[in-house]
A.B. asks: 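Take a look at this one; I'll ask things after.
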Protein chains: 2
Amino acid sequence: MLTDRQLLILQVIIDDFIRSGQPVGSRTLSKKHEISLSSATIRNEMADLEELGYIEKTHVSSGRVPSEKGYRYYVDHLLSPQRLTQEDIQKIKSIFAERIYELEKVVQKSAQILSDLTNYTSIALGPAVKDNKLKRIQIIPLNKQTAVAIIVTDTGHVENHVITIPASVDPSDLEKMVNILNERLIGVPLIDLKDKIYKEVADVLRMHIHNYDSMLKTIADTLDIPQEEKMFFAGKTNMLNQPEFSDIQKVRPLMKMIEQEKDFYRLLRKHNRKGIQVTIGRENQLSGMENCSLITATYSIGKEQLGTIAILGPTRMEYSRVITILNRVASDLSTVLTKWYQNN
Amino acid sequence: MLTDRQLLILQVIIDDFIRSGQPVGSRTLSKKHEISLSSATIRNEMADLEELGYIEKTHVSSGRVPSEKGYRYYVDHLLSPQRLTQEDIQKIKSIFAERIYELEKVVQKSAQILSDLTNYTSIALGPAVKDNKLKRIQIIPLNKQTAVAIIVTDTGHVENHVITIPASVDPSDLEKMVNILNERLIGVPLIDLKDKIYKEVADVLRMHIHNYDSMLKTIADTLDIPQEEKMFFAGKTNMLNQPEFSDIQKVRPLMKMIEQEKDFYRLLRKHNRKGIQVTIGRENQLSGMENCSLITATYSIGKEQLGTIAILGPTRMEYSRVITILNRVASDLSTVLTKWYQNN
DNA sequence: GTTAGCACTCAAACACCCCGAGTGCTAAAT
DNA sequence: ATTTAGCACTCGGGGTGTTTGAGTGCTAAC
């Protein structure tokens, strides 16, 4: 177990390192007013902390730098609470300022504001479309062979798809079919649509529609909505401003990952616990992210958890501030979205 | 005027520099089999080329490097024609392989393939939605206060918008209004919609609909489609692989620009001449792009020019290859799109 | 238990030198 | 009149050596 003095020293080392990015030496620490010990004493304590694995040296005679274990302890036990400035709060409020009622746009705006506030990269995982419920199917012919199929969900989300219509299908049948689909499928979660069509609607269609089978697959494909939640990034290049990434060799794999996005999708899916979740460096188990930390929070409508907002930064990230901000944004987001969308 | 020999030397210098990225010296040149002159003679010629502004030295005793004027001359007069490999052609064909009938997706895929083929950043400017013609307006109520307004165009493009419905508006009136709008507005280019509503449809609405004025603005706003064409990027981080950008200081402003996208929108709008257009370094008049060149081509449906595809690379770009590829993609794109969309 | 003092280490900055690739110029060769 | 060989010169880059300063660990005294 760490003594109070060791905790104090550990905390001050990490705070200082997060601020300066430079290894922290014993003399620097002894001059801080929170600490009234000689540098020699501090050196002894630091040697112990190093032996316990909380801090490291970059070379034999350098100051100390937090290890991943050190950051982990810091995040779990040593965070000094932060207060947001009036300005910060104002910015967060601005997410909801223009009355954008489109859920995805609000989420996207949140990502934007988060990266503005923190100068890190921010990622927001939108609500899963597959859980939305069908509000309306519409098929609008463009010409003889093609039409646009449109699906509207109860949250106002719209999916659309250009389809080709077999020549054998009669336009009036098409209309009839759309009516049947709407009658039978409204209120069904999108993810269940395909199933339901084959199991319940196919029979009805067969009774009323000529050539129904040539259409069935087209329709079913149309309703095969992308399973993945939309992801919004903001401040993708902010990592380039971090001094630890001033070497282009080190950023390249990371930027590649950020550009491709898919790794982060998996990562965020794993971060689905309610509340703040922090993973540090190699805890992320991704080779480009050894020197990065990811902090996530979830937002919800009522009790139903909708999505995740996240900040990606260097392990030397301002954990306190970021956590405070994420908490605030997530809770405001949940409150507002609940108000807007709760009683459909 | 340049002599043939000077042209040869200029061409070989630029070809070599594009390949190697290293300043080219007289001895290197004299060893090339295209050139059978002593290094001393070449030095004299190079001194002249430098005086004329086509090449530069990086320092007093360095080899020569093409100047912007040199690249300009090279692009305008010295390009050696390239042949695409079977593999390249295959990749280009793959743009149209899955029968995606959505125009925007094809354009996006083109950008993807272009950056794959060249290892540079690629940008595609989609067709302007504002010129599409209205096919159908649909308003689908979500609950008492909100509804989704959907606009479908003749190209199968779908725009949607969540709107709030004033409490004073009757649902049946809403339906009636949508019918009127569809009757009057189908076939109208999106950009003229707003005008037309106020000038021609407003009167009709007043006659048939209660509280029509409280809806009019909502509707008009809905139809106020984003004027800007969609832009698709691919290979945003490819610039990081170019040796001339190995210094992070130099990439940062460029990456910022690429992330924000809007500067490129303006740039591409300017590049709207039919055929290949090349701007080199400071010709782009953007401070992050001193060391970049932009090559663009346009694609069309029939005679109607639709959009632009572009490659962004270092000034030391493989102009020949990129131009050949862009030409090919633009022409294939035009051919296929014309086939698919010509006779609606 | 704490501190002062000392010997020691290492990275970073700097000076220095040398090498090689390049130049321009001049005089001789073609 | 060109072309070329030869030579003196320049400069960047890489290597080496030195100094400086910020750090450490250890020991002995407080």
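Throughout, protein chains are lettered first and strands after them, A, B, ... in sequence-line order, and every chain is numbered starting at 1. No experiment lies behind these values; they were computed from the predicted model shown.
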A.B. asks: Could you state the CD-C1' distance from A:Gln22 to D:dG23, rounded to the nearest angstrom?
C.D. replies: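 Rounded to the whole Å, the gap is 13 Å.
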
A.B. asks: Are the side chains of B:Ile55 and B:Ile13 in touch, meaning some heavy atoms are under 4.5 Å apart?
C.D. replies: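 Yes, side chains in contact.
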
A.B. asks: Taking all non-hydrogen atoms of both residues into account, name the closest pair between B:Ser122 and B:Ala111 and its distance.
C.D. replies: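 Reported closest heavy-atom pair: OG-O, 2.9 Å.
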
A.B. asks: Mind checking whether B:Phe232 and B:Gln112 have side chains closer than 4.5 Å, heavy atoms only?
C.D. replies: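 B:Phe232 vs B:Gln112: side chains apart.
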
A.B. asks: Rounding to a whole Å, what distance do you find between A:Met46:CE and D:dC26:P?
C.D. replies: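 About 13 Å, once rounded to whole Å.
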
A.B. asks: Hey, is the side chain of A:Ser26 poking within less than 4.0 Å of OP1 or OP2 on D:dT24, counting only N and O atoms?
C.D. replies: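 Yes.
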
A.B. asks: With nearest nucleotide decided by heavy atoms, which residue, B:Leu37 or B:Val60, maps closer to the 5′ end of DNA chain D?
C.D. replies: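 In this pair, the answer is B:Leu37.
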
A.B. asks: I want to check one thing: is the phosphate of C:dG22, taken as OP1 and OP2, less than 4.0 Å away from some side-chain N or O of B:Ser61?
C.D. replies: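 So the side-chain polar atoms of B:Ser61 never come under 4.0 Å of the phosphate oxygens OP1 or OP2 of C:dG22.
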
A.B. asks: Think A:Lys57 has a side-chain N or O under 4.0 angstrom from the OP1 or OP2 of D:dA22?
C.D. replies: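 For D:dA22, neither OP1 nor OP2 has a side-chain N or O of A:Lys57 closer than 4.0 Å.
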
A.B. asks: From C:dG22, C:dC10, C:dT3, pick the nucleotide closest to the side chain of A:His59?
C.D. replies: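 Side chain of A:His59 sits closest to C:dC10.
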
A.B. asks: Is there a side-chain contact between B:Phe264 and B:Met289, using heavy atoms and a 4.5 Å cut-off?
C.D. replies: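 Contact flag for B:Phe264/B:Met289 side chains = yes.
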
A.B. asks: Base, sugar-phosphate, or nothing for B:Thr41, non-hydrogen atoms under 4.0 angstrom?
C.D. replies: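 B:Thr41: base contact, heavy atoms under 4.0 Å.
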
A.B. asks: May I ask you to verify if any side-chain N or O of B:Arg64 is less than 4.0 angstrom from the OP1 or OP2 atom of C:dG24?
C.D. replies: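 Indeed, a polar side-chain atom of B:Arg64 lies that close.
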
A.B. asks: For the pair made of CG in A:Leu49 and C1' in D:dG23, what is the distance, rounded to whole Å?
C.D. replies: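 These atoms are roughly 17 Å apart.
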
A.B. asks: D:dA22 phosphate, OP1 or OP2: any side-chain N/O from A:Arg43 under 4.0 angstrom?
C.D. replies: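 No.
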
A.B. asks: I want to confirm an ordering. Mapping A:Ala40 and A:Arg27 to their closest nucleotides on DNA chain D, which one lands closer to the 5' end?
C.D. replies: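 Counting from the 5' end, the first nearest nucleotide belongs to A:Arg27.
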
A.B. asks: Picking from D:dC11, D:dT4, C:dG24, which would you name as closest to the side chain of B:Glu50?
C.D. replies: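 Of the candidates, C:dG24 comes closest.
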
